[in-house]
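Below is one structure, written out as structure tokens; the observations come after it.
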Protein chains: 2
Amino acid sequence: MPYDPSAFPPFAVTVDLVVLTVRRHALCALAVRRGEPPFQGRWALPGGFVRADEDLTQAAARELAEETGLRAHDPAVPAQDNGAHLEQLATYGDPKRDPRMRVVSVAHLALAPDLPAPRAGGDASNARWAPVEELLQQGGYGRDGEPVAPLAFDHAQILADGVERARSKIEYSSLATAFCPPEFTVGELRRVYEAVWGVALDPRNFHRKVTGTPGFLVPTGGTTTRQGGRPAQLFRAGGATLLNPPMLRPEV
Amino acid sequence: MPYDPSAFPPFAVTVDLVVLTVRRHALCALAVRRGEPPFQGRWALPGGFVRADEDLTQAAARELAEETGLRAHDPAVPAQDNGAHLEQLATYGDPKRDPRMRVVSVAHLALAPDLPAPRAGGDASNARWAPVEELLQQGGYGRDGEPVAPLAFDHAQILADGVERARSKIEYSSLATAFCPPEFTVGELRRVYEAVWGVALDPRNFHRKVTGTPGFLVPTGGTTTRQGGRPAQLFRAGGATLLNPPMLRPEV
DNA sequence: ATCATAGTCGTCTGCCTGACGATAAACACT
DNA sequence: AGTGTTTATCGTCAGGCAGACGACTATGAT
């Protein structure tokens with residue numbers, strides 16, 4: 001099968017981003033409002049075209065920086081204290097997913113600590129953090145009473161896949177720390193797990209588990225009382241990336 | 001950011017396949033010999049262009065059928081007794097991965113039972129099952145004494161990613177049964193795990209574990225002695241797709 | 001001073017796993 | 001027919017880990 005330039009159809013290739021964070025005990029995703037058709041005025045995942053000289057990961061990192069100001073974590077530098085975790089999620093290429101032309105989208109998943117307000121070209125009303133349940137529910141009404149329209153394109157599916165990836169990946173990796181600030185307490189980490197999984201965890205067993213897993217947490221020596229109650233030790237993420245044995249997600 | 005057709009570069013989109021099977025106690029992958037430049041004469045993963053009206057999964061299933069005659073498993077029909085497991089693996093889009101033009105390849109992973117000979121356009125010398133270690137080793141000499149050239153393009157990386165996916169996925173899913181014929185014994189399933197992981201497992205503990213996991217195996221009532229020794233019960237894959245608790249891969 | 005809140009340390013029990021002995025049922029020899 | 005070899009299958013036991021939960025500690029709020 002020779003590579004005849006006329007033998008293959010041209011595609012547009014984009015990256016779409018599932019950017020997740022934990023705000024007010026809820027797992028939230030970044031959504032941007034579409035300014036032009038199709039799906040004008042509807043919420044969508046941030047994304048854009050891959051440039052001619054760009055790797056897919058570079059394109060995703062560039063879009064992430066444009067939308068949030070976050071730098072992507074360099075996987076070669078663990079325990080970096082700024083920047084978000086970024087990884088490829090999956091690729092979506094249904095011929096009809098974009099009504100205008102053939103677009104293949106390489107979706108990426110980014111995990112970030114709680115951030116200030118999002119920005120999308122400086123216009124705050126065109127970008128927001130929304131709880132993932134709200135973005136994924138079909139129809140109905142959101143918390144503000146406004147009717148909820150489904151996400152544009154196949155972005156509901158992409159978001160659902162990204163959420164599922166995050167939920168399963170914090171089981172066997174230290175990725176939950178990507179939702180935390182550089183220094184955090186065991187309780188803050190536990191609230192991340194509770195928000196992502198949507199369950200309540202026993203604080204005592206959770207404490208025993210995470211402090212007993214070698215390389216997961218490194219004490220910094222400091223303490224904080226920002227959550228109220230007894231001061232809690234502060235930790236940084238340790239060098240371990242894979243947790244063995246894993247954290248166990250409680251049964252449904 | 002409007003969709004100006006002149007605002008994005010055109011890409012070629014291909015699917016590449018990591019087709020794995022277990023032959024003679026070794027994890028093997030399907031490789032095809034390239035008939036034209038670049039990398040003419042070198043081994044590569046099977047693959048081809050995505051057509052204009054095709055979904056990515058359809059394209060992968062079509063290539064799989066062309067190369068092996070296998071029909072892909074329909075995920076909606078569990079416990080299907082013919083066809084291979086097929087899932088998307090990852091997407092590779094380095095600007096220089098193909099020296100001729102910008103190609104984005106959506107790699108897929110297929111798992112199949114031991115098959116007769118592969119076919120590639122009817123020419124058997126242009127397709128073969130090779131142990132993955134042989135395909136992944138850089139330089140050196142293969143079992144037949146011929147010098148081993150690395151796989152074409154970035155296919156060594158793709159193959160390595162596919163093998164790693166398979167190794168981890170049989171831990172927590174029933175996917176190892178995809179390497180087995182429709183009816184199989186516990187010993188045959190154990191040899192799949194041993195080949196994929198490259199370890200030896202205790203037959204007694206393995207038997208206890210897999211027969212004690214609800215929904216993993218369903219006895220068919222028959223027995224076989226094709227492995228020699230005492231006749232073994234035959235099983236089919238049960239409805240369970242996720243194993244909880246998972247199979248544990250022994251430490252390095 | 002008392003209460004509420006959150007963090008931390010222990011205990012106990014049940015389940016799962018790894019290590020390994022023992023038995024069973026076939027085949028290949030002699 | 002007997003003996004050895006191979007593979008399958010059942011059982012036992014000890015160690016480790018997780019869930020349930022009691023107890024104590026250290027802060028701020030009333």
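Residue numbering restarts at 1 for every chain, and letters A, B, ... go by the order of the sequence lines. Source: prediction; values computed, not measured. Below, all heavy atoms of this structure are taken into account, side chains as well, without hydrogens, waters or symmetry copies.
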#### Entry: Between C:dA26 (P) and B:Q233 (CD): distance, integer Å
13 Å
#### Entry: Residues B:Y172 and B:N244: side-chain donor-acceptor under 3.5 angstrom
no
### Query
Which part of the nucleic acid does B:R226 contact within heavy-atom distance under 4.0 Å: base, sugar-phosphate only, or nothing?
nothing
### Query
Among all residues two or more places apart in sequence or in another chain, which pass the side chain to side chain contact (heavy atoms under 4.5 Å, CB included) test with B:T224?
B:T185, B:R226, B:L234
### Query
How long is the line joining CG of B:L201 and P of D:dA8, in whole Å?
13 Å
### Message
Without decimals, in angstroms, what is the distance between B:F206 CZ and D:dT7 P?
### Response
16 Å
Dump every N/O contact between nucleotides 15-18 of chain C and the protein below 3.5 Å, one line per pair.
residue : atom : partner : partner atom : Å
C:dT17  : OP1  : B:K209  : NZ           : 2.6
C:dG18  : N7   : B:R208  : NH2          : 2.9
C:dG18  : O6   : B:R208  : NH1          : 3.0

Under 3.5 Å, which donor-acceptor pairs do the side chains of residues 193-200 of chain A form with other protein atoms, sequence neighbours left out?
residue : atom : partner : partner atom : Å
A:Y193  : OH   : A:I170  : O            : 3.0
A:E194  : OE2  : A:L201  : N            : 2.9
A:W197  : NE1  : A:R167  : O            : 2.8

## Note on the structure
Letter by letter from the 5' end, nucleotides 23-30 of chain D scores (B base, S sugar-phosphate only, - none; protein heavy atoms under 4.0 Å) --BBB---
### Task
Please work out which residues in residues 213-223 of chain A have a non-hydrogen atom less than 4.0 Å from an atom of DNA chain C and list them by number.
none
### Query
Taking atom C1' of C:dG7 as reference, at what distance in whole Å does atom CD of A:E194 sit?
14 Å
### Message
If the condition is side chain to side chain contact (heavy atoms under 4.5 Å, CB included), which residues does A:H85 pass it with, not counting sequence neighbours?
### Response
A:E87, A:L111, A:L175, A:A178
